[in-house]
Amino acid sequence: MANKLNWPAFRPADLLLPTDCDMSKWSVVACDQYTSQPDYWQRVADFVGDAPSTLNMILPEFFLREGNIMQRRASINRTMDQYLVEGRFRCCPDALIYVERWLSGGQLRRGLVGAIDLEDYDYDGSRETLIRATEATVVARIPPRMAIRRGAALELSHVLLLMDDPEKHLIEQLTYETDDMEMVYDFDLMEQGGHITGYLLTEEQKATICAELNELNDPNRFGELYDAQGEAPMLFAVGDGNHSLATARACYLEQKELHPELDWEHHPARYATVELVNLHDDSLDFEAIHRVVFSVDPEKLLADLVDYYPGTHYGEGEGQTFRYVWEKGEGTITIPDPVAQLAVGSLQGFLDYYLTANDDGYVDYVHGEDVTTELGRRPGNIGFLLPSIHKADLFKGVIHDGALPRKTFSMGEACDKRFYLEAKKIK
C-alpha cells in the first residue's frame, strides 16, 4: 500500500535490522563525533571486542589523519559482505520506524526512520529542491567519503532531517499509537548515549504520514509561512549529516552517469536513509557557535566592520546585534539593515571578506561563551558572541539566504547525536 502513495521526497524503505547480537555493542555514535578524542573510540573498540557492530562498517573521522585508509576501507567492505552472507540482518520491507530516543539529559527525542529521494536533494544550492542543506558544504570533504561508499554494499546513516511542524501533528502523534506497532528494538546505547526504542509503522499509519507530509508541502502554506509566495517549496532541511548525504548524492549521480541503462527510479542507490525529526521537538536545542579571530588588529577589524554594512554602529539598536570582546574591552555591534536573515550570516560575510582582503589572521568556531571570551581577550584576538538561533528562523533563513555559513549552530551534545543502527542496501 505505502509504496503506491505519493510521497514527497521522504518515504518508506527496505530497512535492515540486526539479529542475534548485543544491540548495545552493535550501535555506535556518528563517525563525525569525538574527532579529537582517540580515547573515546578506543573505549568503544574495547567494549565491542569481537562482537558484531556497526563500528566495523564505518570510518570514524578521527582515523582520517592516519595513512591506512585503504586498508580500513577494504575491511569495511569485507565486513558488510560477511554480515550479509551470515544472515546477520532481518529485512523490514517498505518500512518506516518510529523512534523514541531518551537522551543523556533525560529528554525524549522522537523521530521517524525512512529514506529520501536523492533527486529531491542538492548540497550546492544550484537547485531549489524539497530537501536543502542548512549549512554550507565543504566540497573537499566529499571525495574521501565517496571512496568508501563506492565499494560498500550497505548504507549506515547518522543523518537527522528536520521538518517544520509547529503544530506537532505528524511525528508526535505516534507516541499514542505504539500499541498498534511491532517493537523492533529496545536497549541502552553505549557511552552515555541514553536509551532507544523502535517501532514498525502499520500500513494505515504510513498512509496517514504520507497525507500529512503532503499537507505540509502545500505551496500556499509554504508561501504564507515563509513569506515566499511563488518560490519553489522547501519541505525538509538537513540538520546533521549533510556531508554524508552529499556523498550519497554524488555517488548516485556518478553511478547513474556510468550506467544509464539501469532502472534508476527503483535502484536502492537513489535513496538514502535518514531519521526525520520535527524542528519543534522539545529536545532540540540550537546552540550558537561563536567566532574567534586570531592574529589580527582588533581595532582595525572593528572599524572595518562598522564601515562594511551601511548604518552599522556600536551599541545596541534596531536590527541584528552581537557582542564582541578583545584585549581592551567589549561591546556590541548593531547592523540596522542586514542583508542576511541571521546575525551569523552577516558577521561571516564580513569576516570572509576581511580575512581575504587583508591576507592575515584566521577564524575558529567555538562552543561556549566562556571559551570565546577567554580566547578573545588574548592579544591579537577578538571574539564575537552570537545570539542563539530561534527555531522559527531556521527554515526562513535557508529559504531566503540559501545554506547558512558553516558552523552556524549545534544540535545538542556529541553523545546525543544519532547512533548507527538500521542499514539499507545500496547495490
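Quantities reported herein were computed from a predicted structural model and do not represent experimental measurements.
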key: N/O donor-acceptor pair under 3.5 Å between Glu135 side chain and Leu404 backbone   = no

task = Would you check if Arg73 and Ile76 make a side-chain contact, meaning some heavy-atom pair closer than 4.5 Å?
result = no

ask   = Side chains of Glu119 and Arg270: closer than 4.5 Å at any heavy-atom pair?
value = yes

request  = State, yes or no, whether a side-chain contact exists between Arg101 and Leu189 at a heavy-atom distance under 4.5 Å.
outcome  = yes

query = If you measure from NZ on Lys168 to CD on Gln173, what distance do you get to the nearest 0.5 Å?
reply = 13.5 Å

query = Run the side chain to side chain donor-acceptor pair (under 3.5 Å) check on Asp46 and Gln42 step by step: do they pass?
reply = CA-CA 6 Å; Asp46 292 342; Gln42 186 59 56; 2.9 Å; yes

ask   = Going by an N to O cut-off under 4.0 Å, is there a salt bridge joining Arg150 and Glu254?
value = yes

Test ring pair (Phe, Tyr, Trp, His ring centres under 6.0 Å) applied to Trp26 and Phe89, Tyr420, Tyr185, the passing residue = Phe89

request  = Check the pair His390, Asp393 against side chain to side chain donor-acceptor pair (under 3.5 Å), reporting the backbone distance first and the verdict last.
outcome  = CA-CA 5 Å; His390 298 293; Asp393 294 335; 5.1 Å; no

key: Step-by-step side chain to side chain donor-acceptor pair (under 3.5 Å) determination, Asp186 to Thr197   = CA-CA 4 Å; Asp186 182 37; Thr197 310; 2.7 Å; yes

ask   = Do side-chain atoms of Tyr353 reach the backbone of Gln348 as a donor and acceptor pair under 3.5 angstrom?
value = no

key: Under 3.5 Å: donor-acceptor pair, side chain of Thr175, backbone of Glu172   = yes

request  = Name the orientation class of the two ring planes belonging to Tyr362 and Phe294 (parallel below 30°, tilted from 30 to 60°, perpendicular beyond 60°).
outcome  = parallel

task = May I ask you to check whether over 12 heavy atoms, not counting those of Asp337, lie within 6.0 Å of atom CG?
result = no

inquiry  = Closer than 3.5 angstrom, by distance alone: can the side chain of Gln205 be matched with the main-chain N or O of Leu96 as a donor-acceptor pair?
reply    = no

ask   = How about Gln229: does its CD atom have over 12 heavy atoms from other parts shown lying under 6.0 Å from it?
value = yes

query = Any donor and acceptor pair, going by atom type alone, linking the side chain of His195 with main-chain N or O of Phe187 inside 3.5 Å?
reply = yes

query = Yes or no on side chain to side chain contact (heavy atoms under 4.5 Å, CB included) for Thr408 and Tyr365, after CA distance, side-chain angles and deciding distance?
reply = CA-CA 9 Å; Thr408 293; Tyr365 307 92; over 6 Å; no

remark   = Rounded to the nearest 0.5 angstrom, the CG-CG distance for Leu156 and Leu16 is 9.5 Å

request  = Answer with yes or no whether the side chains of Ser104 and Gln192 bring together a donor and an acceptor at under 3.5 Å.
outcome  = no

ask   = Does any N or O in the side chain of Asp120 come within less than 3.5 Å of the main-chain N or O of Ile131, such that one atom is a donor and the other an acceptor?
value = no

Heavy-atom donor-acceptor pair, Arg109 side chain to Ser283 backbone, under 3.5 Å = no

query = Taking the six-membered ring of Phe47, is NZ or CZ of Lys25 closer than 6.0 Å to its centre and within 45° of its axis?
reply = yes

ask   = How far does OG1 of Thr208 sit from NE2 of His169, to the nearest 0.5 angstrom?
value = 13.5 Å

message = Tell me if a side-chain donor or acceptor on Ser388 pairs with a main-chain N or O of Glu287 at a distance below 3.5 Å.
response = no

Basic-acidic side-chain contact under 4.0 Å: Arg90, Glu182 = yes

message = Any non-hydrogen side-chain atom of Phe350 less than 4.5 Å from a side-chain atom of Leu301?
response = yes

note = Of all heavy-atom pairs linking Phe286 and Met411, the shortest is CE1-CG, 3.7 Å

key: Cationic tip of Arg11 above Tyr271 ring, under 6.0 Å, 45° of axis   = no

Lys206 vs Pro12 side-chain heavy atoms within contact, under 4.5 Å = yes

request  = Find out whether Tyr121 and Val238 are in side-chain contact, i.e. whether some heavy atom of one side chain is under 4.5 Å from a heavy atom of the other.
outcome  = yes

note = d(Leu342 CG, Asp401 CG) to nearest 0.5 Å is 7.0 Å

ask   = Where the side chain of His267 meets the backbone of Ala269, is there a donor-acceptor pair that is under 3.5 Å apart?
value = yes

Tyr354 side chain reached by Val363 side chain, heavy atoms, under 4.5 Å = no

Sidechain N-carboxylate O distance under 4.0 Å for Arg145, Glu61 = yes

query = Okay, side chain of Trp264, backbone of Leu253: is any donor-acceptor separation there less than 3.5 Å?
reply = no

key: Side-chain ion pair, Glu128 and Arg132, N-O less than 4.0 Å   = no

message = Rounded to the nearest 0.5 Å, what separates atom CD1 in Ile58 from atom CE in Met80?
response = 9.5 Å

request  = Taking atom types as modelled, find out whether Asp164 and Tyr226 have a side-chain donor-acceptor pair closer than 3.5 angstrom.
outcome  = yes

ask   = Heavy-atom distance under 4.5 Å between the side chains of Ser244 and His158, does that happen here?
value = yes

message = Just by distance, no angles: are the side chains of Tyr83 and Asn56 close enough, under 3.5 Å, to form a donor-acceptor pair?
response = yes

query = Where do Val277 and Gly111 come nearest, in terms of heavy atoms and distance?
reply = CG2-CA, 4.3 Å

key: Heavy-atom pair of closest approach, residues Pro18 and Cys21   = CB-SG, 3.7 Å

request  = Please determine if Arg149 and Glu155 form a salt bridge, counting it only when a charged side-chain N lies under 4.0 Å from a carboxylate O.
outcome  = yes

key: Pair Lys417 + Asp240, salt bridge at N-O below 4.0 Å   = yes

ask   = Is Arg291 salt-bridged to Asp364, cutoff N-O under 4.0 Å?
value = no

Residue among Asp281, Val99, Ile209, Leu276 satisfying side-chain contact (heavy atoms from CB on, under 4.5 Å) with Ile171 = Leu276

message = Any donor-acceptor pair under 3.5 Å linking the side-chain atoms of Thr137 with those of Asn242?
response = yes

request  = Of all the heavy-atom pairs spanning Phe395 and Leu235, show the shortest one and how long it is.
outcome  = CE2-O, 3.6 Å

